Amino acid sequence: MSDQDKQKLYKNLSPESYHVAVECGTEPPFSGKYLYNKEEGTYVCIVCGNPLFSSETKYDSGSGWPSFTDVLKSENIKTKTDFRYGLQRTEVKCAQCDAHLGHVFEDGPGKTGLRYCINSAALDFSQDSLKTDP
C-alpha cells in the first residue's frame with residue numbers, strides 16, 4: 001500500500017484512532033469500546049478492514065485492553081521489537097496497512113501462550129451473521 005493510499009485511509013479515523021493506529025499511541029486502560037464486547041464476530045483493522053482476530057480467541061486478561069490468544073491468520077499481522085518508553089516489547093501491526101494495533105506478550109492462556117493486547121481504537125467489529133442448521 002502506498003503512502004498516498006494510507007493517507008486517504010487515515011483521513012477517515014477519529015482523533016483517538018489516528019493517535020493509536022498512526023502515532024503508535026494507546027487508549028487509556030479500561031476505556032475501549034470492545035473491552036467487554038461478548039458478541040460473536042471478527043475484529044478487523046480500523047484503517048483498512050483487514051480481518052485480524054476472532055471473538056472465539058478473545059478473553060478477559062484483566063489488563064484493561066481487549067486480549068486475544070491468537071490471530072485469524074498469521075499473515076494478516078506483523079510484529080516488530082518496540083523500544084518505546086524504555087521497555088522492550090513486541091509491537092503488533094496490521095500487515096496490510098502498517099497500522100499500530102497493540103502488543104503481544106508471552107503470558108497468555110491456552111496452547112499459544114500468547115496475549116495479544118490490542119487497542120479498541122485500532123479495531124472495528126463485524127458481527128457474525130446468525131448461523132442456521134442445514
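All values derive from a computational prediction rather than experimental measurement. Just the heavy atoms: all of them, side chains too, but no hydrogens, waters or symmetry mates, feed the values below.
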**OP:** Might you work through the side chain to side chain contact (heavy atoms under 4.5 Å, CB included) test for Asp124 and Tyr34, ending with a clear yes or no?
**Re:** CA-CA 9 Å; Asp124 204 354; Tyr34 297 125; 3.4 Å; yes
**OP:** Just jot down the side-chain hydrogen bond (donor to acceptor under 3.5 Å, both in side chains) partners of Tyr43, sequence neighbours excluded, or say none.
**Re:**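 Per chain and number, Tyr43 pairs via side-chain hydrogen bond (donor to acceptor under 3.5 Å, both in side chains) with Asn37.
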Original post:
Under the side-chain hydrogen bond (donor to acceptor under 3.5 Å, both in side chains) test, which residues partner Tyr18, sequence neighbours left out?
Top reply: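 For Tyr18, no residue satisfies side-chain hydrogen bond (donor to acceptor under 3.5 Å, both in side chains) once neighbours in sequence are set aside.
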Find out if a path of hydrophobic residues (ILVMFWY) with successive side-chain heavy-atom gaps under 4.5 Å connects [X] to [Y].
X      : Y      : value
Ile118 : Phe125 : yes
Val92  : Leu123 : yes
Ile46  : Val44  : no

How close do [X] and [Y] get, heavy atom to heavy atom, and via which atoms?
X      : Y     : answer
Ala121 : Val20 : CB-CG2, 3.9 Å
Ile77  : Thr79 : CD1-CG2, 4.1 Å
Ser63  : Pro29 : O-CB, 4.2 Å
Ala95  : Asn50 : N-ND2, 4.3 Å

Original post:
Within the side chain of Ser17, is there an N or O that forms a donor-acceptor pair under 3.5 Å with the backbone of Ser14?
Top reply: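 No; zero donor-acceptor contacts below 3.5 Å.
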Contacts table for residues 66-74: side-chain donor-acceptor under 3.5 angstrom, sequence neighbours left out:
{"from": "Ser67", "atom 1": "OG", "to": "Ser61", "atom 2": "OG", "distance (Å)": "2.7"}
{"from": "Ser67", "atom 1": "OG", "to": "Trp65", "atom 2": "O", "distance (Å)": "3.2"}

Original post:
Taking only residues at least two apart or on different chains, which pairs with a member in residues 15-28 satisfy salt bridge (charged side-chain N to carboxylate O under 4.0 Å, His left out)?
Top reply: none
To the closest 0.5 Å, what do you measure between [atom1] ([X]) and [atom2] ([Y])?
X     : Y      : atom1 : atom2 : value
Lys38 : Ser55  : NZ    : OG    : 11.0 Å
His19 : His100 : NE2   : NE2   : 8.5 Å
Lys93 : Lys80  : NZ    : NZ    : 5.0 Å

Original post:
Does the distance from a Lys or Arg side-chain N to an Asp or Glu carboxylate O, for Lys58 and Glu56, drop under 4.0 Å?
Top reply: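 Between Glu56 and Lys58 there is no salt bridge, as every charged N stays at least 4.0 Å from the carboxylate O atoms.
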Subject >> Carboxylate-amine/guanidinium proximity below 4.0 Å for Glu91 and Arg84 >> reply: yes
Let me have the donor-acceptor pairs involving side chains of residues 101-111, under 3.5 Å, with sequence neighbours excluded, atom names and distances please.
{"from": "His103", "atom 1": "NE2", "to": "Asp82", "atom 2": "OD2", "distance (Å)": "2.7"}
{"from": "Asp107", "atom 1": "OD1", "to": "Arg115", "atom 2": "NE", "distance (Å)": "2.8"}
{"from": "Asp107", "atom 1": "OD1", "to": "Arg115", "atom 2": "NH2", "distance (Å)": "3.4"}
{"from": "Asp107", "atom 1": "OD2", "to": "Arg115", "atom 2": "NH2", "distance (Å)": "3.0"}

Original post:
Hey, are the side chains of Phe30 and Leu35 touching, using non-hydrogen atoms and a 4.5 Å cut-off?
Top reply: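 Contact flag for Phe30/Leu35 side chains = yes.
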Original post:
Linking Ile, Leu, Val, Met, Phe, Trp and Tyr through side-chain heavy atoms less than 4.5 Å apart, which residues share a cluster with Phe83?
Top reply: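 Members alongside Phe83: none; it stands by itself.
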**OP:** Please test Tyr116 against Thr57 for side chain to side chain contact (heavy atoms under 4.5 Å, CB included), starting from the C-alpha separation and ending with a verdict.
**Re:** CA-CA 10 Å; Tyr116 288 87; Thr57 64; over 6 Å; no
**OP:** Determine, stepwise, if the pair Gln88 / Thr81 fulfils side chain to side chain contact (heavy atoms under 4.5 Å, CB included).
**Re:** CA-CA 7 Å; Gln88 181 177 344; Thr81 303; 3.8 Å; yes
